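Note sheet for the following structure.
Throughout, a chain's letter reflects where its sequence line sits, starting with A, and its residues are numbered from 1. Quick caveat: nothing in here was measured; it's all calculated off a predicted structure. We use all heavy atoms of the structure for the numbers below, so side chains are in, but hydrogens, waters and symmetry mates are not.
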There are 2 protein chains.
Amino acid sequence: MSERVHSSSVTCPVARAIDVIGDRWSLLILRDALDGVRRFGDFQRSLGVAKNILSDRLRRLVEAEVLVLAPASDGSPYQEYTLSSTGAQLFPVVTAIRQWGEKNLFDRGEPYTRLLDTRTGKPVPVMKPLASDGSVLSADNTAIRRPG
Amino acid sequence: MSERVHSSSVTCPVARAIDVIGDRWSLLILRDALDGVRRFGDFQRSLGVAKNILSDRLRRLVEAEVLVLAPASDGSPYQEYTLSSTGAQLFPVVTAIRQWGEKNLFDRGEPYTRLLDTRTGKPVPVMKPLASDGSVLSADNTAIRRPG
DNA sequence: GCGACCGGGTTTTAAAATGCAACCTTGCAA
DNA sequence: TTGCAAGGTTGCATTTTAAAACCCGGTCGC
């Protein structure tokens, strides 16, 4: 298990994250992976992406240790792409994107796919960044501090 | 003020959102915009992106009503790109990406830029999707439901 | 045992996006 | 009026993406 060396001198976590997951197909792959998709063919059918592009993005995500390539769990002789623990931690990212889309990109009455809590059947409440005292944070009351 | 018509038949909010903000430069522009950057030249210096590409991305974000082009607030004869209310709602998205990067893409001891609550000076706590009863949700106990 | 088919790709070639440099324009300011 | 900076646009070479064709190792029908 080799230690990854991360993108040189970039000290912004957003920029590093975007190097790994910040393109259209990678994000859609992760959306599907978080919904339980594991097989090459299933990703391809779901996304409608060219096989060479899918192959490339899956390889990059495996190299970044966001996905892990493992023997299929169902006895078929193929392999499947599963989320690593790092990859599973992207659930809040995809959920935040989803919730922004839900609130801002659909007209009233227009249907969209919903994310439900399977234990209760209810929609997942909107995520908000909270301060340590529990109050809701907006961009206005935060700031970036550079290291050093 | 024309009503935008959204991307046809795509019913996944993640997919629609990615059409608007799901590329490298757009996400980095939004990171900077949420940190208070407003001017073309400031985005360019911060990102190191080619001017034509920056111009294109800013135009798209304005068309998508994520950014708004307004006269500069400081009396200079130029215009500035400010976040619309839709754009400001991307704060949880960029914050989730940032927090994933912080936890997964830096080696121990390696410095990175931090997001601080300006009222307390403390780092912003990690965002998590919560169920309606306040318990933490993971991808495992959620599911997508298609409309109709 | 052999031909067809399916999963999971790679290769080839054409189209589109990107990046760089040069240029243009407007508003000052010397 | 010359110069200079902000905020772009344009032209062109390079890189990335996409679509389609091809390949290759199983498995299945027979």
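Its side chain within the 4.5 Å cluster rule, B/Val136 clusters with B/Leu130 among the Ile, Leu, Val, Met, Phe, Trp and Tyr residues. Clustering of Ile, Leu, Val, Met, Phe, Trp and Tyr side chains at separations under 4.5 Å leaves A/Tyr78 isolated, with no partner residue. Clustering of Ile, Leu, Val, Met, Phe, Trp and Tyr side chains at separations under 4.5 Å leaves A/Leu116 isolated, with no partner residue.
Whole-Å rounding puts the A/Arg59 CZ to D/dT17 P distance at 12 Å. Nucleotide C/dG8 holds its P atom 10 Å from the CG atom of A/Leu69, rounded to whole Å. When the P atom of C/dT10 is taken as reference, atom CG of A/Leu58 falls 10 Å away, rounded to whole Å. Rounded to whole angstrom, the span from the CG atom of A/Asp42 across to the P atom of C/dC6 amounts to 15 Å. For the pair B/Phe40 CZ and D/dG7 P, the computed distance is 8 Å after rounding to whole Å.
Among pairs with a residue in residues 116-132 of chain B, those fulfilling salt bridge (Lys or Arg N to Asp or Glu O under 4.0 Å) read B/Asp117-B/Arg119, at least two apart in sequence or across chains. Among residue pairs with one or both ends in residues 47-62 of chain A, those qualifying as side chain to side chain donor-acceptor pair (under 3.5 Å) are A/Asp23-A/Arg57, A/Asp56-A/Arg60; sequence neighbours excluded.
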Discussion item. What does the B/S/- profile of nucleotides 14-20 of chain C look like, 5' to 3', with a 4.0 Å heavy-atom cutoff to protein?
Written reply: ----SBB
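Of the charged side-chain nitrogens involved, at least one lies within less than 4.0 Å of a carboxylate oxygen, so that B/Glu110 and A/Arg16 count as a salt-bridged pair. Look at A/Arg45 and A/Asp42 and you find a salt bridge, because one of the NZ, NE, NH1 or NH2 atoms lies within 4.0 Å of a carboxylate O, short of that distance.
Between A/Ser55 and C/dG9 there is no side-chain polar atom (N or O) within less than 4.0 angstrom of OP1 or OP2.
With sequence neighbours excluded, no residue forms a ring-ring contact (aromatic ring centres under 6.0 Å, His included) with A/Tyr81. A/Tyr112 is linked by a ring-ring contact (aromatic ring centres under 6.0 Å, His included) to A/Phe106, counting only residues two or more places apart in sequence or in another chain.
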Check: protein-nucleotides 1-6 of chain D nitrogen or oxygen pairs below 3.5 Å:
residue, atom, partner, partner atom, Å
D/dA6, O4', B/Tyr78, OH, 3.3

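Among the atoms of the strands shown, none is found under 4.0 Å from any heavy atom of B/Phe43. Counting any heavy atom pair closer than 4.0 Å across all strands shown, B/Gln44 reaches no nucleic acid atom.
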